[in-house]
J.: 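Okay, here's the structure, questions in a sec.
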Amino acid sequence: MRWLTGWSGLTAADPTLAAVRPIAGTLLWGGPNPLWAVGDWRPDELRLAVLRPGGPATVRGGLDPGDPTDQADRDTPATLRLAVAGRCGATDRELADGLAAARGGALRHLTHWPGSYAVVLRAGTRSTVLLTDLAGAQPAFHTPFAGGTAYATAALPLADLVGAPVDAAHLAARLATPDTPETLGDHTPYRGVRRVPPGHALGIRGGRADSTSYLDDPVEERAEAPAVRELTRALLEAVRCRVRATAPADRPRLGVDLSYGTASATVALLAAAVPLPAGPGAGAEPDRPAARTGAVKGSWARRADQPEPETLPAVTLGDAAGLALAVHAPRLRHLVLEPVAPYAQLAEPPPAPRGAGWYPHSGPLTDEPGPALIDAARYIAAHRAGGADHLTGHGARQVLDGHPARLADLVRAGRPLDLLAPIAALAGADRATAGALTGTLHTPVTVLRAARRLARGRYADALDDLALRLTLRHTPAERATMGRALAADLAWHRPGPAAHLLADEPLAALAQHLRTAARRPAPTEAPGARRARLALHRHAAHYRTLVHATEQHGQRLHAPFLDNQVVRAARLLPDDLRLQPGARHALLAAVLAGAGRTDLPADWGRGTGADPHDSARRGLRAAAPALTDLLDRPLLGEAGLLDVPAARKTLAAATDPAQSAPPGTLAALADLIATELWLRRLAARRPGSSWAGLPAPHRTALPT
């Protein structure tokens with residue numbers, strides 16, 4: 001895990017604070033408001049800029065010693081310092097210009113560069129500003145500390161700093177209402193540690209923290225052609241700034257995913273067209289990309305012996321749905337890995353015989369729990385085979401697709417005719433699977449009625465309805481048709497798949513909180529835009545957990561679709577275009593055409609119809625003994641959060657070979673087991689191990 005941390009406005013006179021510092025941290029600037037970088041940062045991933053009165057801005061690498069006279073204690077109230085950490089495509093000149101613009105308060109200019117990065121701005125000796133990204137893949141956190149505010153780009157180090165226990169109420173909200181800001185708020189799994197919302201700036205002045213939105217003014221949709229051109233430009237820049245980065249010489253240069261459909265394929269093809277810089281130790285043979293598929297990942301590797309052919313006539317991309325694509329791409333080499341089912345790390349035999357209280361808590365401790373923890377073995381194997389920079393297609397669905405709730409936005413905007421194409425596509429799909437009557441009559445009526453109800457319903461009523469469903473322990477029904485499933489998603493809020501497995505007390509507390517929130521002013525954002533934004537934030541948080549759980553030392557995982565510039569470009573796409581059948585695949589084909597790839601096959605984006613949940617079912621059955629032990633005495637149950645008998649019954653039904661667990665049950669168990677694993681790993685960790693100079697805190701992982 002790599003993170004930045006520091007504090008501002010400390011007023012405590014305790015001399016022991018001078019000895020507090022992160023273990024193995026690199027001091028980026030000192031003085032009363034210090035900033036450290038912790039982890040295996042590359043030299044070009046940390047860049048510092050300083051602007052003093054009467055002089056030009058200077059830019060240098062954060063790991064370079066720099067000028068010995070360039071010390072923070074020489075700063076005046078007019079001095080500006082900027083730290084950019086991560087993969088940023090800005091030149092030194094652009095960094096200097098952005099720092100000059102920030103002097104006038106134009107902070108959003110610091111978020112318009114290609115790449116994915118964290119930004120810390122220090123003004124003088126009393127003010128510090130942190131900027132998050134629009135998606136939430138580069139978050140920021142803060143907590144009160146010694147009369148001021150400590151901040152970091154990870155929550156766990158701050159919990160270590162102040163000895164914060166786990167917030168059981170927040171864990172309940174994550175499981176029961178994962179997409180509801182009224183219950184999640186700005187809380188984290190650690191009590192007292194707060195999250196800065198995506199698209200916000202955290203300002204710390206005089207030791208007091210306050211977050212404000214830096215989002216651009218609401219953008220108007222553009223016509224299809226200019227919107228696609230802007231998306232193409234943004235995605236090309238996002239890929240280029242990764243491909244042209246330097247990387248360590250101890251592993252293959254670059255890797256790409258060819259496993260999860262057209263999004264990863266688009267990134268792979270764009271990367272294959274970018275000339276690679278000469279790497280360290282490179283010989284006369286140029287770097288050659290290699291794409292890995294199967295469960296399937298990729299690496300671009302140099303090989304001095306028996307080099308791979310320069311062209312690969314057909315690359316098969318397969319995910320769980322069996323999506324296939326044939327491409328003819330120079331410099332792409334196909335490598336297939338054996339698939340690894342979810343829960344594989346739990347299905348392995350333990351080092352010692354299982355006994356009472358046995359649990360598999362080994363593994364990396366992520367900042368927060370997430371479903372990636374139960375699927376980590378598959379990603380670890382694939383990323384280990386990948387390159388030093390590994391490009392993925394994560395986030396494309398959330399950034400490009402039209403969330404089903406956007407149908408209600410069209411109704412609110414007085415554009416009912418734009419609903420015809422998506423509803424007709426749903427009707428056709430249900431007609432083929434559920435019969436002519438269902439597809440022709442029931443599906444269109446059900447979807448249109450749900451869209452009108454969402455467009456005209458009161459937000460307070462939606463919160464009250466969610467509170468009632470939690471109180472009644474509403475079990476989500478499996479939708480037999482695509483029309484019913486989409487109609488169920490046409491709502492302001494939906495309970496999480498694991499909500500009905502929680503105990504009565506946390507559900508009652510959440511319901512009461514929702515009823516109180518219903519009395520507050522309703523949001524002005526349209527329901528579809530709001531649901532889409534929250535879904536993007538949730539996916540970015542899951543992706544960040546995936547990075548923490550699976551990224552190898554010296555390796556970087558990249559998700560260009562989550563970059564600020566790509567998210568901004570996607571906001572320009574018309575809603576009716578997003579909601580067309582196969583819209584994402586058509587958009588990505590247009591992006592590739594704009595980049596010069598016009599030879600895509602006619603079946604681009606079409607799947608074979610395989611069951612995408614079959615791997616999860618097989619993984620559950622293989623790991624059934626370990627999962628049964630895990631739920632024998634779960635920490636979630638000891639904290640009063642989990643209805644343990646109901647969870648055991650659900651697990652037994654899902655692992656029964658004679659039954660086929662529905663997708664909702666699979667999602668519920670994934671959330672529960674991932675949270676339980678995370679808690680046990682946290683309990684096995686020594687508190688305060690991120691810092692030196694702290695007194696040893698005494699706390700439990702989860703208060704009972």
Side-chain angles (χ1 to χ4, degrees), residues 134-137 177-182 184 198-199 215 218-219 221 224 227 231 261-263 393-413 415-416 418-426 429 443 446-457 459 462 466 476 479 482-497 523-543 561-562 566-588 605 663-664 667:
L134 296 177
T177 54
D179 291 320
T180 305
E182 284 75 12
L184 293 174
L215 286 174
V219 294
E221 297 176 359
E224 178 178 350
L231 178 64
T262 52
H394 285 284
R397 182 186 304 273
Q398 289 73 22
V399 170
L400 299 180
D401 278 11
H403 192 280
R406 287 188 184 271
L407 293 173
D409 294 355
L410 296 177
V411 174
R412 288 177 53 150
R415 299 163 55 186
D418 291 333
L419 275 69
L420 295 180
I423 290 180
L426 282 172
T443 292
T446 301
V447 173
L448 184 58
R449 181 181 299 167
R452 291 167 62 91
R453 183 169 56 249
L454 175 58
R456 299 175 180 176
Y459 189 76
L466 179 60
R479 309 296 175 177
M482 294 180 61
R484 287 182 178 273
L486 186 140
D489 212 21
L490 282 165
W492 280 105
H493 303 283
R494 292 187 64 184
T524 58
E525 197 174 9
R530 182 179 175 85
R531 286 290 306 276
R533 177 174 58 82
L534 296 175
L536 173 61
H537 296 170
R538 186 183 180 193
H539 178 83
H542 290 337
Y543 170 75
F561 285 101
L562 297 178
V566 179
V567 173
R568 282 190 174 99
R571 292 172 61 195
L572 304 175
L573 296 170
D575 276 352
D576 58 333
L577 175 63
R578 292 168 176 260
L579 292 168
Q580 296 296 322
R584 173 162 37 94
H585 311 308
L587 282 171
L588 294 176

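None of the values given here were measured: they were computed from a predicted structure.
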J.: Just wondering, do Arg568 and Leu134 contact through their side chains at under 4.5 Å, heavy atoms?
T.: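 Leu134 reaches Arg568 side chain to side chain.
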J.: Within a radius of less than 6.0 Å around CZ of Arg397, do more than 12 heavy atoms belonging to other residues, nucleotides or ligands occur?
T.: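 No, because the 6.0 Å sphere around CZ of Arg397 holds 12 heavy atoms or fewer from other groups.
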J.: Considering non-hydrogen atoms only, spot the tightest contact between Gly457 and Trp492 and give its length.
T.: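 Looks like O-NE1, 4.2 Å.
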J.: Could you tell me whether the side chain of Pro416 reaches within less than 4.5 Å of the side chain of Arg452, counting heavy atoms only?
T.: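 Sidechains of Pro416 and Arg452: no contact.
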J.: Is there a side-chain contact between Thr180 and Leu534 (heavy atoms, below 4.5 Å)?
T.: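 In short, these two side chains do not touch, never coming nearer than 4.5 Å.
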J.: Which atom pair, heavy atoms only, marks the closest approach of Asp409 to Gly528?
T.: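 Residues Asp409 and Gly528, closest heavy atoms: OD1-N, 2.8 Å.
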J.: Of the non-hydrogen atoms in Ala421 and Gln580, which two are nearest, and what is the gap between them?
T.: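 Heavy-atom minimum between the residues: CB-OE1, 3.2 Å.
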J.: Can Asp489 and Arg494 be counted as an ion pair, charged N to O under 4.0 angstrom?
T.: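 Between Arg494 and Asp489 there is a salt bridge, with a charged N closer than 4.0 Å to a carboxylate O.
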J.: For Arg484, does the CZ atom sit with more than 12 other heavy atoms under 6.0 Å from it, leaving out its own atoms?
T.: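 Counting neighbours around CZ of Arg484, 12 or fewer heavy atoms of other residues, nucleotides or ligands fall under 6.0 Å, so no.
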J.: Compare every heavy atom of Leu490 with every heavy atom of Val447, then report the nearest pair and how far apart it is.
T.: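 In this case the closest contact between Val447 and Leu490 is O-CD1, 3.7 Å.
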J.: Does the pair Asp418 and Asp575 meet the rule for a side-chain contact (heavy atoms from CB on, under 4.5 Å), with working shown?
T.: CA-CA 9 Å; Asp418 291 333; Asp575 276 352; over 6 Å; no
J.: Find the distance between CG (Leu426) and CG (Leu448) and round it off to the nearest 0.5 Å.
T.: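 Taking CG in Leu426 and CG in Leu448, the distance rounds to 12.0 Å.
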J.: Hey, could you give me the CG/NE2 distance between Asp179 and His493, rounded to the nearest 0.5 Å?
T.: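 Result: 9.5 Å between the selected atoms.
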J.: Using a cut-off of 6.0 Å, state whether more than 12 heavy atoms not belonging to Arg415 lie near its atom CZ.
T.: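 Atom CZ in Arg415 is crowded, with more than 12 foreign heavy atoms closer than 6.0 Å.
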J.: Starting from the C-alpha separation in whole Å, work towards a yes-or-no answer on side-chain contact (heavy atoms from CB on, under 4.5 Å) for Gln398 and Tyr543.
T.: CA-CA 12 Å; Gln398 289 73 22; Tyr543 170 75; over 6 Å; no
J.: Would His539 and Phe561 count as a side-chain contact (heavy atoms from CB on, under 4.5 Å) if you check the C-alpha gap in whole Å, the side-chain angles of each, and the deciding distance to 0.1 Å?
T.: CA-CA 12 Å; His539 178 83; Phe561 285 101; over 6 Å; no
J.: In the structure I gave you, are the side-chain heavy atoms of Leu454 and Leu407 within less than 4.5 Å of one another anywhere?
T.: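 Leu454 does not reach Leu407 side chain to side chain.
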J.: Could you state the interatomic distance from CG (Asp401) to CG (Leu536), rounded to the nearest 0.5 Å?
T.: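 Rounded to the nearest 0.5 Å, the CG-CG separation comes to 11.5 Å.
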J.: Checking Arg531 side chain against Ala491 main chain: does a donor-acceptor pair fall under 3.5 Å?
T.: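 Checking the backbone N and O of Ala491 against the side chain of Arg531, a donor-acceptor pair under 3.5 Å is found.
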J.: Any chance you could measure Thr262, atom OG1, to Arg584, atom CZ, to the nearest 0.5 Å?
T.: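 That separation rounds to 5.5 Å.
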J.: Looking only at heavy atoms, what is the nearest atom pair of Pro422 and Leu579, with distance?
T.: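 It is CB-O, 3.3 Å.
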J.: Shortest non-hydrogen contact from Pro181 to Arg530?
T.: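 What the structure gives for the nearest pair is CG-NH2, 3.5 Å.
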J.: Arg533 vs Glu525, test: side-chain contact (heavy atoms from CB on, under 4.5 Å). Steps then yes/no.
T.: CA-CA 10 Å; Arg533 177 174 58 82; Glu525 197 174 9; 2.8 Å; yes
